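Read the structure below first, then the notes.
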Amino acid sequence: MEEKKNPVMKHAVMTDPGSGKQYKLVRCRINGVERETMVDVRASLTDMLRNDYSLSSVKKGCEVGECGACNVIIDGECYNSCIYLAVWADGKDIRTLEGLMGPNGELSDIQQAFIDEAAVQCGFCTPGVIMSAVEILESGKEYTRDELRKLLSGHLCRCTGYENILNAVEKTMKKRLSEKEAAAGQTAE
Amino acid sequence: MKEKNGVIGKSVKRVDAFEKVTGRAKYTDDLCDRNAYVAKVLHSTIAHGYVKSIDTAEAEKIPGVVRIVTCFDVPKNYFPTAGHPWSTEPAHQDVADRLLLTDHVRYYGDDVAAVVAENEVAAAQAVRALKVEYEELPFVLDVHKAMEDGAPQLHEKYPNNILAHTSIRNGDYENAIKEPGLKKVEGWYQTPTVQHCHIENPVCYAYMEQGRVVVVSSTQIPHICRRVVGQALGIPWGQVRIIKPYIGGGFGNKQDVLYEPLCAYLSTVVGGRTVKLEIPREETFSSTRVRHAIHFHIVSYVREDGTYAARKFESFSDQGAYASHGHSIAAKGMGCFPQLYPCPNIEADTYTVFTNKAASGAMRGYGIPQAMFAMESHTDDVARALGVSPYEFRMKNVMPKGFTDGFSKNVNYYDTFRECMEKGRKEFGYDKRLEKYAHQTGEIRRGVGMAVFWYNTGVWPISLETSACRMVLNQDGSIQVQVGETEIGQGADTAFAQMAADTVGIPFEMVHVVSTQDTDITPFGTGAYASRQTYMAGFSIRQTGELLKAKIIETACELTRQMKENLDVVDGNIVRTTDGDILMSLGELATEKLYSLTNNGHLTAESSYQIKNNAYSFGCTFVEVEVDIPGCRAQVTDILNVHDCGQLINPALAEAQVHGGMSMGIGYALSEKLLYDERTGRPLNNNLLDYKLSTFMDHPDLQASFIENYEPTSAYGTKALGEPPTCSPAPAIRNAILQATGVALNEIPMRPHLLFDEFKKAELI
């Protein structure tokens, strides 16, 4: 019973007799695919995604939750994966920037908007910011520009002055909302 | 040059945007083998002294530790780190004052030892387990104290810690100030130590291949890095290969050679195995480079009619512990003083002084954001003393059209300053706001201010300016373009592709810029700095493009039997100019040539171009602020930058560059300062939470506007834009606060701590 309450305890800890390192099995869904691997219990989710799954969009800018470059979506909510232990990811649904692209290489609307609005410069903060934008867009809510600033403020960017990033997110939000409205209108008819 | 129907001047999408929005763009750490050894550096915990001994016994016992190297083990090859082109004249070479690791530590955070381990945890544990015994020496953090007799000495060769002192003497200052009826305006202005805060920390990895050392690094300057690694290791420069993939910002910090030499050395001591050295954020603040804090003193003698009779300038630049870019920054700041507001009688002196802090190096603007804060704050002070409009005072005195600088031979070909100011004034509604905010009394007040900035393009004639380019034609008529100038986020690769497309005469999509620089393959070029990319690379791209085009036309003659004078390459086709007929596509031509059994050839072109020009690049900032007087807070409510950087290659990317620079300028004005503990010399806020760079919430929408005066010396009419946007926001904000409150703040950042003191003095609170 105890184990069910605490998912972290679901799998046993294995100790490597040589190095004394402790490992644990982490099963989770990453970008829609069920995956499992043994991870060092001290590893961050950033480490696991980068090192075990080669998801190199997950960037390291500070590794202490200050800059937002490592941001991913876990069960629908954004987290700095650098301060989220890999073992906590067990049983979770994780999405990274790599998961946004369609099966035939189609870009999502928000990725295209980042290109169109010149919101990309060095590109290092870009993956994390886009994932926050995804969370904002999927809420289906309309936000003011000031609210968007607050919602995105967990990300630091030194290249863009944030201007074109805001434009990209705001335009995509408005486009999605107007499409939704149009679709709702059609259904009503 | 601007081709008809060409792509120059159009806001085409970035060539690297797709890779960057999909996470496919590979940065240094993304490319490194996951099983590479990991290195970590032990930094000193005192500000000044000698390492007496390092006990490695405990550290060596930690499982996974491969090798520990201390300051007593490394070769004593002193090397310079500045990202300047090498000079073959010893007198012009950068100061070589660094070792891979040092026993004479000169700042809190200096590099004392390094550990190579099988993994990061073992490396970190081993660094903590090293026991260092120091002999402590007195240290000094303040430039003025460092210059006093008896102050702690950082480097033997530099008495009073003065790295360099240079002067300008124009006319006769002492005599000129005796003119009757002059008004004297004097001020001291202080700028802070700040850090670049590129989101990707400095990172590199090194390995050996065929007896040579290869370093993959997040650097702005691969070819310079190769030379410095060679110097540091004492090996021929050809034994070093540097590869630069995509990089997550640089802003000048990566225009220094940081830890590449140490990383390369560590690989050589572990049998050439791959060693990765990633600098954590805290160490990036404490132990890489910072912007020089500079203390300025300006005295102006001005006539009743608003003209300058004589002016004096002094500045004291805080170099920190090592020379790095050294005096170049302070000298650049002083150099523009006689130019910005020309005056016949000038006395100027600038000192660069060692202190026991992190070394100061290049940072976006290279001394000009500091100088502009002082000079443009002072300009408002002078206008105020005369009781005239600061705008009109500038219009009257700022550098006129036709001004020529004797040293650089730069010519102000247009009345750029006035054109930019007029445009800004109109677009910003400056006059209306000035009037509206003229007589406020409440607790919340608004104000409007402006400032201009001086800048130039590249480093000629102080240093070498050169660029080399290679173009290779593919079977389908597309080309690869390579230059030594690096993409660091600014969009250089896209601008290069636009230039190459128009010069060769092919569609933009058919130009493939090789983004990665590899010193084994990439033609020689010095890298990304001094806002030189589009201007300097433009020369070699234009020249090489013309060479390739000439070869294409020659081949077209053979294949079409038409005279070359009647042929052109237009939109990827060979066109007969006499009737406009398309004779063949460039793809057909290239394929035929490459596989011809009779007249075979691979069409490529390569050339280098030494640039003996520089170009002024000017502009201004208009800003509105809101000041909460009891709250001692100032915030920007509206801001506009106007630039004349010549012909815009890509307007959307140019605008994006300006936004980023303005944001950095706002942080510089209001919130950023790297603090040091007076008692220990330890940095206090070396992390991204306590160091306050601008976030999404710290400034309003940013507006950029341009005057496009075609630069006559340029290959494509363009000139500097990378750094200029950072230069004028701080003084404009300061001048807006002055208009709002009547309080002249002479220090940045203008954070609540400062406003509280100054508002108290002014009896506003």
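A note on names: the letters A, B, ... follow the listed sequences, proteins ahead of strands, and every chain is numbered from 1. Every value quoted in this text rests on a predicted model; they were computed, and no experiment measured them.
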Interatomic distance, CZ@A:R42 vs CG@B:N119, rounded to 0.5 Å, equals 7.0 Å
Are more than 12 heavy atoms from other residues, nucleotides or ligands located less than 6.0 Å from atom NZ of B:K26? yes
Is it the side chain or the backbone of B:E282 that comes within 4.5 Å of chain A heavy atoms, both, or neither? side chain
So for atom CD, which belongs to A:E34, do other residues, nucleotides or ligands contribute more than 12 heavy atoms lying within a distance under 6.0 Å? yes
Does anything in residues 46-85 of chain A form a ring-ring contact (aromatic ring centres under 6.0 Å, His included)? List the pairs, not counting sequence neighbours. A:Y79-A:Y84, A:Y84-A:W88
Between the main-chain N or O of A:T126 and the side-chain N or O of B:K20, is there a donor-acceptor pair closer than 3.5 Å? no
Neighbourhood of chain B inside residues 161-179 of chain A, taking heavy atoms under 4.5 Å as contact: A:G161, A:Y162, A:E163, A:N164, A:I165, A:L166
Decide, yes or no, whether a salt bridge links B:R34 with A:D47 under the criterion of side-chain N to carboxylate O below 4.0 Å. no
Would you call A:K60 and B:E278 a salt bridge, using N to O less than 4.0 angstrom? yes
Considering only heavy atoms from C-beta outward, does the side chain of B:H196 approach that of A:R158 to under 4.5 Å? no
Side-chain donor or acceptor of A:R149 paired with backbone N/O of B:H699 under 3.5 Å: yes
Checking heavy atoms, do the side chain of B:N687, its backbone, both or neither come under 4.5 Å from chain A? both
Polar side-chain atom of B:E200 near backbone of A:G61 as donor-acceptor pair, under 3.5 Å: no
Residue A:M38 excluded, over 12 heavy atoms near CE under 6.0 Å: yes
Which atoms of A:A69 are under 4.5 Å from chain B, going by heavy atoms: the side chain, the backbone, both sets, or neither? side chain
Checking heavy atoms, do the side chain of A:V64, its backbone, both or neither come under 4.5 Å from chain B? side chain
Could B:E118 and A:K21 be called an ion pair, given the rule that one side-chain N must be under 4.0 Å from one carboxylate O? no
Heavy-atom pairs under 4.5 Å with chain B, option from A:A119, A:S57, A:S54, A:S56 with the top count: A:S56
Is any side-chain heavy atom of B:R24 closer than 4.5 Å to a side-chain heavy atom of A:M101? yes
CZ (B:F696) and CG (A:D146) are apart, to the nearest 0.5 Å, by 12.5 Å
Lys/Arg N to Asp/Glu carboxylate O, A:K59 vs B:D29, below 4.0 Å: no
If you measure from CD on A:E63 to CG on B:N201, what distance do you get to the nearest 0.5 Å? 8.5 Å
Does the side chain of A:Q111 come within less than 4.5 Å of B:T22's, by heavy atoms? yes
